[in-house]
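Below: one structure, written as structure tokens.
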Amino acid sequence: MNPKVRTRFAPSPTGPLHMGGVRTALFAYLFAKKHGGDFLLRIEDTDQNRYVSGAEDYIIEALHWCGITIDEGVPMGGPYGPYRQSERKELGIYNKYAEQLVTSGHAYYAFDTPEELENMRNRLISAGEVAPQYNGTSRNTMVNSLTLTADELKQKLESGTPYVIRLKMPLGENVTFTDIIRGEVTVNSSLVDDKVLLKSDGMPTYHLAHIVDDVLMEITHAIRGEEWLPSAPAHIMTYRYLGWADKMPQYAHLPLLLKPDGNGKLSKRDGDRLGFPVFPLNWTDPVTGELSSGYKERGYYPEAFVNMLAFLGWNPGTEQEIFSMDELVEAFSFEHVHKSGARFDPEKTKWFNEQYLRMQPVSDLADRLRTSVMKEFNYDASDVRLSEKFLHRTVELLKDRIHFESEMIPTGNYLFETPHEYDQPTIAKKWKDQYLSFFKELVNSLQQLNEFSIAEVDGAIKATAAANSLKPGEIMHLLRVFISGQGVGVDLLGMLELLGKDEVVKRLNNALQMINDKTNS
RNA sequence: GGCCCGUUCGUCUAGGGGUCUAGGACAUCUCCCUUUCACGGAGGAAACACGGGUUCGAUUCCCGUACGGGCUACCA
């Protein structure tokens, strides 16, 4: 029987998680859930120089907002804890396995200083080497436990000379492994350098830490970005040298997310440069105070964001595009994950949001609109504009015209407030003095209506127009401007009915006063 | 530069030798609906990078070229 599927998302807390990271987490989550497994969050905080405070909380909040639920790991813990590598270091595991590799002859101590490393690279470059590396050939010229005598080594170690432990990559060996997405990948071991496994500060590098942790946490599938493909052979070798070939998770290297414009992978800087967020949530840089905008605060539904993300590099193989998280879990498979990078399109993201907006129940939108209205305007609790009926109808009038819920008030502001300004270009274009009597009569006619319904109002407008030998088409646009102040907007008759007799009459009188003032000035 | 990975409409993609006069979606254009603008509906334009093979037959398989992406740290 196959072991229970366990996948993990293992970001390093160096800043806010960007959407590429969220997608990696999403695919790992979908795969785990599809197979009835667990999804873990491990924090890879082995680089103390790049640690950013708040980043870990941000990652947790972002995943939560997206509906990606963590079964185990940071923050709640679990049977394989701790789940932060800085804390796991205290367990002595990284040290232990690094030493084990040294003992078995698959790794060695290296005492070279940064200057010496730099010199070595320059030396190789001037010797015509295009890719200077610390590897099977150059290590013989360096200061390490392979070139030092036993006494020299002992002396260095005892005097506390800083050292790293490097993986001893073999020369000229073909390393083959199977990637779930790319199939069989073969790389010659000569091409990959002797990776540092343990740094001089005692911390492991990613190369060692993720392997030790994946095995100890019984991870079955290691899902990560394509940028790791070149170092995968080093990882494969490490598993073998540690005697963990049978415990190695299956690797899946995901295609990268590319910039909507120009070249290269999507970066944290692209978002605000191009006017769309690259982060799920707002992020304020703790050092510079600079704000990067997030999808949440921009008014995107997490479901829309996730749906969009899922379709970057993956497809269900059918023509269905709108998927709930449950449906994504059901449909997900690596067979339908692309090999090539996906250019991200902000326009499509908006479209996804619109789709989710249209699916919202009107009553839910009305409830949320009430909250916004109360915040925006100082209405009395008994104000009709806070009534169920008014809000419900407002939502119906507005919802198909907007991309975000947050646009309801800005787009429909004239439904909440009597206009103070009017679209003068439209008035100038349409207005004729002979319309004055029509509008005056219309006010009277509307005032006499017992029932202020669409049908009644429509009837009154038509009758008054006919009495003035006007075609309704002539004055409808002006009527809209007089009522809403704007030339475009929601259905006119629907708006009149919603506003009600008193408000409509009031607005009409205001507008006629405005016309009068203009004429006299 | 070297190495690795990739290459279907502008973008995301369907497609695993004949069903491809290459399908869908976003964006774009036209028309319809609408006494506004949207929404909605209908339609249009728009792609197999190139060159060699293999094959009766290649978008689909192989090789090369071009292009794109990634990596090339005591960062992940």
Side-chain angles (χ1 to χ4, degrees), chain A residues 10-14 44-47 49-50 110 112-114 117-118 121 125 129-134 162-166 179 181-182 185-188 190-193 195-207 209-210 224-233 253 255-256 258-261 263-265 308 311-322 336 338-352 354-355 358 398-403 411 423 426 458 461-462 465 471-477 479-481 484 486-493:
Chain A
S12 51
T14 55
E44 308 217 327
D45 53 351
T46 55
D47 186 350
N49 300 319
R50 294 210 307 158
D112 317 279
T113 63
L117 290 172
E118 185 59 27
R121 290 189 188 105
I125 287 170
E129 178 62 62
V130 286
Q133 286 187 327
Y134 203 119
Y163 66 88
V164 300
I165 291 179
R166 282 181 183 271
D179 181 274
I181 295 167
R182 280 146 222 285
V185 179
T186 301
V187 181
N188 193 288
S190 301
L191 267 12
V192 350
D193 63 346
K195 301 262 179 246
V196 170
L197 300 176
L198 205 67
K199 299 186 269 189
S200 56
D201 64 359
M203 277 288 194
T205 60
Y206 171 81
H207 303 293
H210 95 274
R224 50 155 47 162
E226 193 187 357
E227 70 267 27
W228 292 108
L229 207 45
S231 52
H253 290 95
L256 267 17
L258 272 24
K259 292 181 198 296
D261 71 329
N263 307 128
K265 66 172 171 178
M308 175 278 292
F311 272 70
L312 252 23
W314 172 83
N315 72 82
T318 67
E319 285 178 358
Q320 182 182 345
E321 292 208 272
I322 301 301
H336 283 285
H338 253 232
K339 292 185 178 77
S340 49
R343 200 178 286 271
F344 163 68
D345 180 10
E347 287 302 321
K348 187 96 183 209
T349 314
K350 274 188 195 158
W351 177 80
F352 272 112
E354 272 172 56
Q355 302 308 305
R358 306 252 161 77
L398 245 25
K399 85 179 280 205
D400 286 344
R401 332 174 50 82
I402 56 178
H403 306 285
T411 302
D423 176 0
T426 299
D458 190 31
I461 293 170
K462 284 187 173 141
K471 282 181 287 184
E474 291 185 72
I475 44 74
M476 287 306 238
H477 208 174
L479 178 56
R480 168 181 295 286
V481 176
S484 72
Q486 302 179 8
V488 297
V490 301
D491 177 64
L492 217 203
L493 264 5

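Lettering of chains follows the sequences in order, A, B, ..., and the numbering in each one begins at 1.
- Take A:D458 and apply the side-chain hydrogen bond (donor to acceptor under 3.5 Å, both in side chains) test, not counting sequence neighbours, and it matches A:K462.
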Contact list (N/O, under 3.5 angstrom) for nucleotides 21-25 of chain B vs protein:
| from | atom 1 | to | atom 2 | distance (Å) |
| --- | --- | --- | --- | --- |
| B:rG23 | O2' | A:E319 | OE2 | 3.3 |
| B:rG24 | O4' | A:E319 | OE2 | 3.1 |
| B:rA25 | O4' | A:E321 | OE1 | 3.0 |
| B:rA25 | O2' | A:E321 | OE1 | 2.6 |
| B:rA25 | O2' | A:K348 | NZ | 2.7 |
| B:rA25 | N3 | A:K348 | NZ | 3.2 |

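- With sequence neighbours excluded, the residues that form a salt bridge (charged side-chain N to carboxylate O under 4.0 Å, His left out) with A:D400 are A:R358.
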Letter by letter from the 5' end, nucleotides 44-49 of chain B scores (B base, S sugar-phosphate only, - none; protein heavy atoms under 4.0 Å) ------
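- The salt bridge (charged side-chain N to carboxylate O under 4.0 Å, His left out) search around A:R182 returns A:E226, not counting sequence neighbours.
- Take A:D491 and apply the side-chain hydrogen bond (donor to acceptor under 3.5 Å, both in side chains) test, not counting sequence neighbours, and it matches no residue.
- Considering only residues two or more places apart in sequence or on other chains, A:K265 meets the side-chain hydrogen bond (donor to acceptor under 3.5 Å, both in side chains) condition with none of them.
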Do A:D47 and A:T14 pass the side chain to side chain contact (heavy atoms under 4.5 Å, CB included) test, and can you show the C-alpha distance, the side-chain angles, and the key distance before you say yes or no? CA-CA 9 Å; A:D47 186 350; A:T14 55; 5.9 Å; no
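- If you check every strand for non-hydrogen atoms under 4.0 Å, A:H338 touches sugar and phosphate atoms only.
- In this model, a side-chain donor or acceptor of A:S200 finds a partner on the base of B:rC74 within 3.5 Å.
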Are any protein N/O atoms closer than 3.5 Å to N/O atoms in nucleotides 58-66 of chain B? If there are, list each pair with its distance.
none

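- Note that NZ of A:K195 is 9.0 Å distant from OG1 of A:T205, once rounded to the nearest 0.5 Å.
- Checking B:rG17 for Watson-Crick or G-U wobble geometry (two distances, each under 3.5 Å) identifies no partner in any strand.
- Pairing for B:rC71 is with B:rG2, a Watson-Crick or G-U wobble pair whose two hydrogen-bonding atom distances lie under 3.5 Å.
- Base pairing of B:rU54: no nucleotide in any strand meets the Watson-Crick or G-U wobble criterion (both distances under 3.5 Å).
- The side-chain hydrogen bond (donor to acceptor under 3.5 Å, both in side chains) search around A:T318 returns none, not counting sequence neighbours.
- In this structure, A:K199 reaches the B:rC75 phosphate: one of its side-chain N or O atoms is under 4.0 Å from OP1 or OP2.
- Applying the 4.0 Å criterion to OP1 and OP2 of B:rC71, one finds that A:K265 has a side-chain N or O inside that range.
- Remark: A:D423 pairs with no residue by the salt bridge (charged side-chain N to carboxylate O under 4.0 Å, His left out) rule, at least two apart or across chains.
- A:D112 comes within 4.0 angstrom of a nucleotide base, judged by non-hydrogen atoms across all strands.
- The side-chain contact (heavy atoms from CB on, under 4.5 Å) search around A:P346 returns A:P260, A:F276, A:F344, not counting sequence neighbours.
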Could you run down the sub-3.5 Å N/O contacts of the protein with nucleotides 32-34 of chain B?
none

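- When each of A:Q486, A:H477, A:R480 is paired with A:T426, the side chain to side chain contact (heavy atoms under 4.5 Å, CB included) condition holds for A:H477 and for no other.
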